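Okay, structure first, notes after.
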Amino acid sequence: MKFFLPIITAFFMLSCNNAKTNTETAPNAFSELDTTINFPTFFPVGEFLKGQIMEIKKSNPRTLKITVKNGKSDSTSLKKEQLDAIFYEFYSPLIDSISYSPFFIESKFFDQTLNTITLTYDVENNLPDSIPWKHWDIYIDPESNQVKRIFLVKQIAPDKIRQLTWLPGNSCRGITIINNSSTEEEVIVKWSYTDSNDQ
């Protein structure tokens, strides 16, 4: 995570400088920020998630997988070698600003309810078949510049989407939804660094 803090800080310094042209009198450039930008500057969400996963594997915490399907719940402990298969869907394909920027529009705003700076990415132009991502949000603490939550939506079949949520240092969740209505499966992975060396 330490590796990504300078990236996050630089990202927001750039964003703040751009925002000041419209909010020069605001004490906080993000307090009144509600802008939409074509060809966005893209927060490096893919690389951020890969860094998080690398940290988890290196720290080797206790990891629990909970699967909910057909109203039934099942939980199992995960070994380090199983994590790649679990986390792969979060960065495959990698969200890349160079190839993705022509197809998505970025919005930045300060959410007073959640007390977060929210970066939202939505499809603007027709996507090629190689891009399954349909939407993603990044929630960032305005004081620490640390990512609090990442939410992604991926098309995995013509009638199915996968909603993915990542909570840094805590857990992640994947929900498969059919025809934008019914939930087919939910998978939650939680990790704890308490006494992780006892594994």
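In this text, all values refer to a predicted model and were calculated from it rather than measured experimentally. Quick note: residue numbers are just sequence positions, from 1. All heavy atoms count here, side chains included; hydrogens, waters and symmetry mates do not.
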field: Pair W133-L164, side-chain contact (heavy atoms from CB on, under 4.5 Å): steps then yes or no
entry: CA-CA 11 Å; W133 301 109; L164 303 170; 4.1 Å; yes
task: Quick one: do Y91 and I53 satisfy side-chain contact (heavy atoms from CB on, under 4.5 Å)? Show the steps, please.
output: CA-CA 10 Å; Y91 61 86; I53 294 165; 3.6 Å; yes
task: Run the numbers on R149 and D137 for side-chain contact (heavy atoms from CB on, under 4.5 Å), then give the verdict.
output: CA-CA 8 Å; R149 178 191 301 263; D137 300 311; over 6 Å; no
- request: Before giving the answer on side-chain contact (heavy atoms from CB on, under 4.5 Å), spell out for L94 and E47 the whole-Å C-alpha distance, their side-chain angles and the decisive distance to 0.1 Å.
  value: CA-CA 8 Å; L94 193 71; E47 293 296 338; 3.4 Å; yes
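For residues 49-86, no pair satisfies ring pair (Phe, Tyr, Trp, His ring centres under 6.0 Å), with sequence neighbours left out. The list of ring pair (Phe, Tyr, Trp, His ring centres under 6.0 Å) pairs with a residue in residues 59-78, not counting sequence neighbours, is empty.
Here K160 contributes atom NZ and K154 contributes atom NZ; the two are 14.0 Å apart, rounded to the nearest 0.5 Å. A distance of 7.0 Å separates CD1 in I56 from SG in C172, rounded to the nearest 0.5 Å. Note that the CZ atom of F151 and the OG1 atom of T165 stand 5.5 Å from one another [nearest 0.5 Å]. Here the CD-OG1 distance, from Q163 to T183, works out to 8.0 Å after rounding to the nearest 0.5 Å. We find the NZ-CD1 distance between K108 and I117 to be 10.0 Å, quoted to the nearest 0.5 Å. Residue I150 holds its CD1 atom at 5.0 Å from CZ of F48, rounded to the nearest 0.5 Å.
Contacts of E186 classified as side chain to side chain donor-acceptor pair (under 3.5 Å), with partners at least two apart in sequence or in another chain: R173. Partners of F87 under the ring-ring contact (aromatic ring centres under 6.0 Å, His included) rule, at least two apart in sequence or in another chain, are W166, W191. Residues satisfying the side-chain contact (heavy atoms from CB on, under 4.5 Å) test with T67, not counting sequence neighbours, are K65, E185, V187. Residues satisfying the side-chain contact (heavy atoms from CB on, under 4.5 Å) criterion with S171, sequence neighbours excluded, are L167, K190. For D84, the salt bridge (Lys or Arg N to Asp or Glu O under 4.0 Å) partners are K57, not counting sequence neighbours. Evaluation of the ring-ring contact (aromatic ring centres under 6.0 Å, His included) rule for W136 yields F42, F104, Y121 as partners, not counting sequence neighbours. Applying the salt bridge (Lys or Arg N to Asp or Glu O under 4.0 Å) test to K69 and every residue at least two apart in sequence or in another chain returns nothing. For the side-chain contact (heavy atoms from CB on, under 4.5 Å) test, residues two or more places apart in sequence or in another chain that qualify with P128 are F103, S130, I131.
One hydrophobic cluster, built from ILVMFWY side chains closer than 4.5 Å, holds both Y100 and F90. L49 and L83 fall within the same hydrophobic cluster, defined by Ile, Leu, Val, Met, Phe, Trp and Tyr side-chain heavy atoms under 4.5 Å apart, directly or through other members. No continuous path of hydrophobic side-chain contacts links I188 to Y88 [ILVMFWY only; heavy atoms under 4.5 Å].
Minimum interatomic distance between P168 and K148 (heavy atoms only, all atoms of both residues): CD-O, 3.4 Å. Considering every non-hydrogen atom in both F110 and N115, the closest pair reads CZ-OD1, 3.5 Å.
The side-chain contact (heavy atoms from CB on, under 4.5 Å) test with H135 is passed by exactly one of T120, L152, V123: T120.
For T113 (side chain) and D111 (main-chain N/O), no donor-acceptor pair under 3.5 Å exists by modelled atom type.
Within the 4.5 Å cutoff, side-chain heavy atoms of V147 are placed close to those of I140.
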Donor-acceptor contacts, no H, no angles, side chain residues 175-182, under 3.5 Å, sequence neighbours left out:
from, atom 1, to, atom 2, distance (Å)
T176, OG1, R162, NH1, 2.6
S181, OG, I178, O, 3.3
S181, OG, N179, O, 3.4

Which pairs would a plain distance check flag for residues 71-79, meaning a side-chain donor or acceptor within less than 3.5 Å of a matching protein atom at least two apart in sequence or in another chain?
none

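Counting heavy-atom neighbours within 6.0 Å of E143 CD, excluding the residue itself, gives a total of 12 or less.
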